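A quick write-up on the structure given underneath.
Note that this is a predicted model, so its numbers are computed, not measured.
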Number of protein chains: 2
Amino acid sequence: MVAITTATARVSAHSPSAGLLAQRVLATPLVDRIQPAGTRRSFAKGEELFAEGEAADFFYKVVSGTVRVCKLLSDGRRQIEAFQLPGEIFGLESGMEHRFTAEAVEDTVVVAFRRGRFASLMHENPAFSDQLMSSVIQSLERAQEHMVLLGRKTAQEKIATFLLDMSRRLSRGDQVELPMQRTDIADHLGLTIETVSRTLSQMVRDGLIKLAAAGRTIVISNKGGLQALNG
Amino acid sequence: MVAITTATARVSAHSPSAGLLAQRVLATPLVDRIQPAGTRRSFAKGEELFAEGEAADFFYKVVSGTVRVCKLLSDGRRQIEAFQLPGEIFGLESGMEHRFTAEAVEDTVVVAFRRGRFASLMHENPAFSDQLMSSVIQSLERAQEHMVLLGRKTAQEKIATFLLDMSRRLSRGDQVELPMQRTDIADHLGLTIETVSRTLSQMVRDGLIKLAAAGRTIVISNKGGLQALNG
DNA sequence: CGCTCTCTTGAGCCCGCTCAACGACAGTGG
DNA sequence: CCACTGTCGTTGAGCGGGCTCAAGAGAGCG
């Protein structure tokens, strides 16, 4: 592992004045080259990666599958902050404990990085530090975009935004295979499951989308129409 | 400025194995000792620090006053992501442009840090890098907490949470001097100005709070009662 | 085939929004 | 000094989008 660290450090030393946050993603993410430093772990659908309040010894990167990151209120109301798709990093904390719960939406593989070990690695390897920083800032930007949705968009706009976002992030063509069920979508968008279902049905009637495979597959038939709705 | 940089780097080199994100705030924030590297700037109430889409050449730290960070939808609907109070850092981006607008809620003084200059500073000075990282992660945690509020809390709970948060962040005792007007509170909590006003009035009737100074000063007379409401 | 889990659809209600008026100040100018 | 004006906060009346409660429809699986 030391060898890997030095190698990547040498690479970054040669990169010409790598500006912090200047480029969003480097050609080959360092976090991948350093991957051996992390532990590969698998989780079955529905399994919990960690819970709110647990010690935050690790942070994670999704290899395959989907993770939902959520918070609960005392009476069980739930807010899903984000769905983490392959390539995305989550679980970094400023304190000692996790501030939210992470669960596998479907069968999922992640790489777990020990937090303490990465402190020194970050210091020795500026380029790696930049990437981690960039990743956290992107999470923040996504959170900010989502706050607009939660606070100011109508049900129709929320669904439209969600579908376009999912389409962009995991589609092959204009077909989207949703990994999560309606309850998850509802808790992500600040709606009820019934409103999600009704809104999707209405979009089918309006010719914006088509539903298949028990509602899990969505074909976007009028992308422009959806975009006009997304606020 | 070069002298200052080296000085702070030397200090951090002596700090014993400062673990990344291990402690939330160091005794003397480095960003303050390096403050000379930033430019002090003043903004009048209502003035814009930067707008969505502008080049993100600087990031900022609040010295005094209050900044609102917000996003607009095409039809004018607004979501205030956060109110930045003295000591807080904002305006860091992963891309080249600002993704949101920042405006002074009241007369405000900030320190503006040139982004490019801090890339090298971060690399030379791990402790500074840690602090910046910690600050961004804390913004993310706050955003996540706020998403629960926006997506899953009732008007009453939103107001209760807001008042307790403001009280914690800027109160002397149980009296809170709100720097922002009702429109800002509404756009922060995903409500209308009328609902904010009505809910506050109801809380006065319920003996939870007292209002003074044209509604800008709030005395929390039953903190437990408010806490029971905050979800 | 029956059981369970998920999604859909319907009927009715309520919380928060819309529209509108009024009140409380502060600043300004005659 | 007071009338005029603009900004901000409060209050009322009524509406409607999304929620609640309830039942039905598919799909997967033993």
- Query: Starting at NZ of A/Lys45 and ending at C1' of D/dG28, how long is that distance when rounded to a whole Å?
  - Reply: 10 Å
- For the pair made of CZ in A/Arg77 and P in C/dC15, what is the distance, rounded to whole Å? 13 Å
- Query: Taking the side chain of B/Ser201 as heavy atoms from C-beta outward, which of D/dT10, C/dC7, D/dG18 is closest to it?
  - Reply: D/dT10
- B/Gln156 (side chain) and C/dC15 (base): donor-acceptor pair under 3.5 Å: no
- Message: If you compare every side-chain N and O of A/Thr192 against the phosphate oxygens of D/dC19 (OP1, OP2), does one of them come in below 4.0 Å?
- Response: yes
- Indicate the ring-plane relationship of B/Phe50 and B/Phe100, choosing parallel, tilted or perpendicular according to the 30° and 60° boundaries. tilted
- Item | Residues from residues 184-191 of chain B lying under 4.0 Å of DNA chain C - heavy atoms | B/Gly190, B/Leu191
- Query: Considering only side-chain heavy atoms of B/Arg182, which listed nucleotide, C/dC7, D/dT10, D/dG18, is closest?
  - Reply: D/dT10
- What residues form a salt bridge (Lys or Arg N to Asp or Glu O under 4.0 Å) with B/Arg169, not counting sequence neighbours? B/Glu88, B/Asp165
- note: A/Leu178, atom CG; C/dC7, atom P; distance rounded to Å ~ 10 Å
- Item | Candidate nucleotides C/dT8, D/dC19, C/dG16, ranked by approach to the side chain of B/Ala155 - the nearest | C/dG16
- Message: Below the 4.0 Å mark, does D/dC8 have OP1 or OP2 next to a side-chain nitrogen or oxygen of B/Arg216?
- Response: no
- Interatomic spacing from CD in A/Glu81 to CG in A/Asp187 - rounded to 0.5 Å: 11.0 Å
- Query: How about B/Glu106 and B/Thr66: does a side-chain donor come under 3.5 Å of a side-chain acceptor?
  - Reply: yes
- Presence of donor-acceptor pair under 3.5 Å, side chain of B/Arg198 and base of C/dT18: yes
- side chain to side chain contact (heavy atoms under 4.5 Å, CB included) with B/Ser42: of B/Val110, B/Val63, B/Val109, only one passes, and it is B/Val109
- Task: Output all residues satisfying ring pair (Phe, Tyr, Trp, His ring centres under 6.0 Å) with B/Phe58, sequence neighbours left out; order by chain, then residue number.
- Result: none
- Item | Residue met sooner reading DNA chain D from 5', once A/Lys153 and A/Ala213 are mapped to nucleotides | A/Lys153
- Query: Among D/dG9, C/dA20, C/dT8, which is the nearest nucleotide to the side chain of B/Glu194?
  - Reply: C/dA20
